[in-house]
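Numbers restart at 1 for each chain; the letters A, B, ... are given by sequence-line order, proteins then strands. No experiment lies behind these values; they were computed from the predicted model shown.
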Number of protein chains: 2
Amino acid sequence: MPADRIPPHPDPRDIPLQQVLEALIEPARRAIIEQLSAHPADIACGAFDLTITKSTATHHFRVLREAGLIRQYYAGTSRMNSLRREEFDDAFPGLLEAVLRASLREAGPRGMRS
Amino acid sequence: MPADRIPPHPDPRDIPLQQVLEALIEPARRAIIEQLSAHPADIACGAFDLTITKSTATHHFRVLREAGLIRQYYAGTSRMNSLRREEFDDAFPGLLEAVLRASLREAGPRGMRS
DNA sequence: GTCAAAGTTTGACCATGGTCGTACTTCTGT
DNA sequence: ACAGAAGTACGACCATGGTCAAACTTTGAC
């Protein structure tokens with residue numbers, strides 16, 4: 001029996017702004033979002049570049065999922081993650097783009113001249 | 001001597017995204033931003049519609065000012081507040097607009113049909 | 001000069017949330 | 001069937017930050 005290993009995925013439109021901001025404020029969670037948006041394919045939980053333990057990572061993935069930011073599904077024993085880009089943008093237009101842009105601007109342009 | 005009652009106003013471009021999000025995550029602080037963006041003129045600290053004590057409000061205003069979101073100056077014994085719209089938008093394009101839009105969507109459209 | 005108004009500062013309290021270790025579950029390969 | 005891999009769940013710990021009360025400062029008005 002597949003059981004209900006597939007966790008619930010709320011509609012981003014039903015999520016209050018407060019919850020979304022609380023999800024995006026944690027640096028490790030933003031790192032997850034950044035890596036998802038930079039990578040073309042979905043990523044397994046264990047394949048992210050994070051410096052935290054597995055149990056902490058699980059916590060972060062759940063917060064992101066419940067905030068409508070990521071989708072999770074099983075591929076064998078791995079739990080895959082993908083960004084819910086369109087659905088989230090539809091509920092919070094411009095928000096993810098603004099956060100990602102600021103995030104990349106801080107960590108991104110190595111060696112840029114003013 | 002006017003003394004240094006005028007607190008420091010950092011350049012929004014020097015503020016990390018983390019600090020901005022921490023400023024925007026508090027509902028009372030978002031209420032301040034919303035009221036500033038909805039009102040044409042500047043607003044004194046005591047003239048906001050808030051349900052917190054003065055000392056707590058002072059704390060929130062400081063957080064917003066240090067995050068580059070508001071400008072403060074004295075008018076007599078009142079401390080006036082204004083939104084640093086352009087400067088902030090220049091540093092974090094689209095962020096304030098996205099947050100304000102989501103904020104107003106939740107509390108705003110009274111009586112709207114689907 | 002005195003008094004009230006408007007904010008600030010300080011200190012304390014407390015709830016929230018990120019963190020980890022440990023134990024547990026579920027699936028895959030052999 | 002068994003072992004290992006990949007995550008999850010639970011509990012505990014602890015730092016951070018919002019909150020208030022009380023005392024203080026500064027300004028404007030009379």
Hey, does the side chain of [X] come within less than 4.0 Å of [N]'s phosphate (OP1/OP2), counting only N and O?
{"X": "Arg62(B)", "N": "dT8(C)", "result": "no"}
{"X": "Thr77(B)", "N": "dT27(D)", "result": "no"}
{"X": "His60(A)", "N": "dT19(C)", "result": "yes"}
{"X": "Thr56(B)", "N": "dT19(D)", "result": "no"}

>> Closest-nucleotide mapping onto DNA chain C: is Gly46(B) or Val63(A) further toward the 5' terminus? I mean the 5' end.
In response: Gly46(B)
Between [options], spot the one nearest the side chain of [X], thanks.
{"X": "Arg29(A)", "options": "dT8(C), dG18(C), dG7(D)", "value": "dG18(C)"}
{"X": "Cys45(A)", "options": "dT8(C), dA21(D), dG7(D)", "value": "dG7(D)"}
{"X": "Ser78(B)", "options": "dT8(D), dA5(D), dG7(C)", "value": "dG7(C)"}
{"X": "Glu22(A)", "options": "dT19(C), dG7(C), dG17(C)", "value": "dG17(C)"}

>> Between Arg30(B) and Ile25(B) (side chain of the first, backbone of the second, donor and acceptor by atom type, cut-off under 3.5 Å), is there such a pair?
In response: yes
> Quick one: do Val63(A) and Leu50(A) end up in the same hydrophobic cluster if we chain Ile, Leu, Val, Met, Phe, Trp and Tyr together by side-chain heavy atoms under 4.5 Å apart?
Replying inline: no
To the nearest angstrom, how far is [X] atom [atom1] from [N] atom [atom2]?
{"X": "Arg65(B)", "N": "dT9(C)", "atom1": "CZ", "atom2": "C1'", "value": "13 Å"}
{"X": "Leu24(A)", "N": "dG18(C)", "atom1": "CG", "atom2": "P", "value": "12 Å"}
{"X": "Lys54(B)", "N": "dT26(D)", "atom1": "NZ", "atom2": "C1'", "value": "12 Å"}

>> I need the single residue from Asp49(A), Leu83(A), Leu64(A) that forms a side-chain contact (heavy atoms from CB on, under 4.5 Å) with Ile32(A). Which is it?
In response: Leu64(A)
>> Check this for me: Glu22(B), atom CD, are more than 12 non-hydrogen atoms of other residues, nucleotides or ligands nearer than 6.0 Å?
In response: yes
> Is there a donor and acceptor pair closer than 3.5 Å between the side chain of Ser55(A) and the base of dG21(C)?
Replying inline: yes
>> Between Tyr74(B) and Ile52(B), which residue's closest nucleotide on DNA chain D lies nearer the 5′ terminus?
In response: Ile52(B)
